[in-house]
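Working notes, beginning with the structure itself.
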Amino acid sequence: MNPSHASSEAVPRLARIIPRDSHPISRSKISRDALRVLYRLRETGFDAYLVGGCVRDLILGLDPKDFDVATNALPEQVKRLFRNCRLVGRRFRLAHVFFGREIIEVATFRASGASLLADESATEEIPGDETDADSVPPGGDEVVDVEDSRDLHDFGESLERVVDQSGRILRDNAYGTIDEDIWRRDFTCNALYYSIADFSVWDFCQGFEDIKARRLRLIGDPETRYREDPVRMLRAARFQAKLGFEIEPATAEPIANLNSLLRGVPPARLFDETLKLFLTGHGAASYRVLLERGLLDELLPNVAAFARKHRGSAPERMLIQGLLNTDERVRTDRPVTPSFLFTLLLYGPIGLAIEKRPQAEWHKVSTILDAVDTAMHEVYARMAVHRRFILSMRDVFALQPRLEAPRGRRALRTLGHPRFRAAFDLLQLRAASGMADKAIAEWWGRLQSASPEQRAFMSEAIARTGSADEGHGSSGGCDRRRRRGERRQERGGGGPSG
Ligand code: ATP
Ligand code: MG
């Protein structure tokens, strides 16, 4: 595999410079700590830019999650400028500048791809004028040739790049110029540079136009870029879900054939990406996009297989509702947990594993836990999920039969279980999708807000009558067995009892 990014394309070296009055980025929207880093670098004679998702989000009028800085200062030089700075990363060396809880990531411009090959081989064609013509912007914004600044950044670093057989970059530590730096970016919308020198935005690949058109476009040859780093396929899905951008056809097209490359991605990285997909406020959209693009089949094969076979089933409806609730929690700054996410995602596959056993065993805790372990085992094959999340998930599933059949004073002890809240959330979701008794879920809701005396009364009443509707009407007067039978009918045989 040729590790060049560009195939027939050459590296653009001309930036369209969008002056302050032609873009909407205001310093008042930039974190004070990021501004401090930018100004400090500039005062010391270095170039300093905001780059990546923060520039994209500022242009879109969104609040950036984090602020990244790109500079021509070497990591060691950055470290000398900031006392609160640590160098990190084996794969890519970066400087982290700490301000309380905020970390500003400062990366040195990196040499990469076609330009790197050109440096290495005298026979390789050096990018020519034809790209220069392409990158001249409409509207006559200022155009600069950044080639001139190249020797300023000749740090004499060894050009260190390791690529595996499939074209995946394993290590890349060669420093370069801002125009080369765009090759370590993925999409054009993520490759804009906001200069602290004059507050202009530097655009080497029509990223500004793409943001305005709400379009995701990979820089360079899409297949090569996905082979270099298959996680870019997941990032495409994530930005489609998060920003509502459309993936342009050439960027979308190779995903269907290349998605199996995700199998070669380190499991810890896939876990991190999964959390970014599902726990940052657009989880329901991520689920839809991952399924549409065939990526869920590689990321979480058992979840995808369930979704394909049981479209619109109660467990799938519950998963989508659970993801929507999670998105709402993120929006309102309430905590979300990986263990509850996996509880939702795996509910369908776990139910299927349970239903393979004789029906009389479905509500046994041992059956449920075996099913959780079976489903998790399949997840482990792809991604590293920390053991504490799995233990918590097992508790949430194991508590379900206890919640569904509260028994007197034992119910009060269940309230104090460290996983009660998550287990109750699951019960409510199950009830809302027709997979558990609504009256019982409501009873637990009332129990939590009741006084100690009322709690004692409620737990005794339910032990005596078996009814979750004590004094609240007779509809729940409760033949639980009959209800379970009805619920199974509603699931149409496709869903689990959990
Ligand atoms: P988010 O809103 O999730 O923070 P982001 O675009 O800022 O989105 P980050 O993961 O924070 O994403 O990465 C910062 C920038 O680094 C990206 O905008 C992109 O330019 C570059 N980048 C990150 N990951 C990759 C990758 N796998 N391949 C190429 N470029 C990447
Ligand atoms: Mg970011």
task: Report the C-alpha distance between Arg185 and Asp181 in whole Å, list the side-chain angles of each, state the deciding distance to 0.1 Å, and finish with yes or no for salt bridge (charged side-chain N to carboxylate O under 4.0 Å, His left out).
output: CA-CA 7 Å; Arg185 311 282 154 200; Asp181 191 77; 3.1 Å; yes
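- Side-chain N or O atoms of Thr251 include none that pairs as donor or acceptor with a backbone N or O of Ile247 at under 3.5 Å.
- Here the CD atom belonging to Glu298 is positioned 5.0 Å from the CZ atom belonging to Arg382, to the nearest 0.5 angstrom.
- Side chains of Asp186 and Arg225 form no contact here, defined as non-hydrogen atoms less than 4.5 Å apart.
- A donor-acceptor pair is defined here as one N or O able to donate and one able to accept, closer than 3.5 Å; no such pair exists between the side chain of Asp395 and the backbone of Arg419.
- Pro75 and Thr108 get closest at one heavy-atom pair: CD-OG1, 3.0 Å.
- Taking 4.5 Å as the limit, every side-chain heavy atom of Thr188 sits out of range of all side-chain heavy atoms of Ile182.
- Between Phe424 and Leu403, the closest heavy-atom pair is N-CD1, 3.8 Å.
- Looking at Glu292 and Arg288, a side-chain N of the basic residue comes within less than 4.0 Å of a carboxylate O on the acidic one, giving a salt bridge.
- At a threshold of 4.5 Å between non-hydrogen side-chain atoms, the residues Phe67 and Tyr194 do not count as touching.
- Residue Lys309 qualifies as open at atom NZ: its count of foreign heavy atoms under 6.0 Å is 12 or below.
- Qualifying salt bridge (Lys or Arg N to Asp or Glu O under 4.0 Å) partners for Arg215, counting only residues two or more places apart in sequence or in other chains: Asp210.
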task: Let me see the working for Val396 and Phe342 under side chain to side chain contact (heavy atoms under 4.5 Å, CB included), right down to the final yes or no.
output: CA-CA 11 Å; Val396 165; Phe342 281 91; over 6 Å; no
Report, one line per pair, each donor and acceptor closer than 3.5 Å where one atom sits in a side chain of residues 449-460; sequence neighbours left out.
from	atom 1	to	atom 2	distance (Å)
Ser449	OG	Gly445	O	3.4
Ser449	OG	Arg446	O	3.3
Ser451	OG	Glu453	OE1	3.4
Ser451	OG	Gln454	N	3.2
Ser451	OG	Gln454	OE1	3.3
Gln454	OE1	Ser451	N	2.9
Arg455	NE	Leu447	O	2.9
Arg455	NE	Ala450	O	3.4
Arg455	NH2	Gln448	O	2.7
Ser459	OG	Arg455	O	3.2
Ser459	OG	Ala456	O	3.0
Glu460	OE2	Arg409	NH2	3.1

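- Of all the heavy atoms in Gly348 and Pro315, the pair that sits closest is CA-CB, 4.1 Å.
- Inter-residue side-chain proximity for Glu105 and Asp66 is flagged as unmet; no heavy-atom pair is nearer than 4.5 Å.
- In this structure, the side chain of Arg329 engages the main chain of Pro335 through a donor-acceptor pair within 3.5 Å.
- Between Leu426 and Phe340 there is a side-chain heavy-atom pair separated by less than 4.5 Å.
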task: Evaluate side chain to side chain contact (heavy atoms under 4.5 Å, CB included) for Lys242 paired with His282, printing each intermediate quantity in order.
output: CA-CA 6 Å; Lys242 169 181 166 152; His282 46 81; 3.5 Å; yes
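- Judged by distance alone, with hydrogens and angles left aside, the side-chain atoms of Arg238 form no donor-acceptor pair with the main-chain N or O of Lys276 at under 3.5 Å.
- Here Glu273 contributes atom CD and Ser286 contributes atom OG; the two are 10.5 Å apart, rounded to the nearest 0.5 Å.
- A heavy-atom distance below 4.5 Å is not found between the side chains of Leu279 and Val330.
- In Arg86, the CZ atom is not crowded: 12 or fewer heavy atoms of neighbouring residues, nucleotides or ligands sit closer than 6.0 Å.
- The shortest non-hydrogen separation linking Ala252 to Arg293 is CB-NH1, 3.7 Å.
- Judged purely by distance below 3.5 Å, without hydrogens or angles, the side chains of Arg56 and Asn190 pair a donor atom with an acceptor atom.
- When Arg235, Arg269, Arg184 are each tested for a salt bridge (Lys or Arg N to Asp or Glu O under 4.0 Å) with Asp229, only one passes: Arg269.
- Between Arg421 and Asp425 there is a salt bridge, with a side-chain nitrogen of the basic residue lying less than 4.0 Å from a carboxylate oxygen of the acidic one.
- Under the 3.5 Å distance criterion, the side-chain polar atoms of Ser433 are left unmatched by any main-chain donor or acceptor of Met435.
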query: So Lys364 and Asp370, salt bridge (charged side-chain N to carboxylate O under 4.0 Å, His left out) or not? Walk me through it.
result: CA-CA 10 Å; Lys364 279 192 179 168; Asp370 282 351; over 6 Å; no
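- His386 NE2 to Ser392 OG: the interatomic distance, rounded to the nearest 0.5 Å, is 12.5 Å.
- In this structure, Phe245 and Arg214 have side chains that are in contact, with non-hydrogen atoms separated by less than 4.5 Å.
- Ring planes of Phe239 and Phe187: perpendicular class, angle over 60° (limits at 30 and 60°).
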query: Could you walk me through whether Leu50 and Val69 pass the side chain to side chain contact (heavy atoms under 4.5 Å, CB included) check?
result: CA-CA 5 Å; Leu50 279 183; Val69 169; 4.2 Å; yes
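- Looking only at atom types and distance, the side chain of Ser31 has a donor-acceptor partner in the side chain of Glu102 under 3.5 Å away.
- Relative to the six-membered ring of Phe199, Arg27 meets both conditions, a distance below 6.0 Å and an angle of at most 45° to the axis.
- Under the 3.5 Å distance criterion, the side-chain polar atoms of Gln240 are left unmatched by any main-chain donor or acceptor of Ala236.
- Going from atom CG of Asn84 over to atom NE2 of His96 covers 12.5 Å, rounded to the nearest 0.5 Å.
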- prompt: Taking it one step at a time, do Leu192 and Ile211 satisfy side chain to side chain contact (heavy atoms under 4.5 Å, CB included)?
  reply: CA-CA 10 Å; Leu192 293 168; Ile211 290 178; 3.5 Å; yes
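- A distance-only check finds no donor-acceptor pair linking the side chain of Asp297 to the backbone of Ala304 [under 3.5 Å].
- Taking CH2 of Trp443 as the start and CD1 of Ile462 as the end, the distance is 4.5 Å to the nearest 0.5 Å.
- Nearest approach of Ala441 to Leu427, heavy atoms of both residues: CA-CD2, 3.8 Å.
- Shown here for Phe420 and Thr414, the closest heavy-atom pair between the two residues is CB-O, 3.4 Å.
- To the nearest 0.5 Å, atom CG of residue Leu399 and atom CZ of residue Arg402 are 5.5 Å apart.
- Using a 4.5 Å heavy-atom cutoff, the side chains of Asp63 and Asp57 are not in contact.
- By the neighbour-count criterion of 12 heavy atoms within 6.0 Å, atom CZ of Arg387 is sparsely surrounded, having that number or fewer from other residues, nucleotides or ligands.
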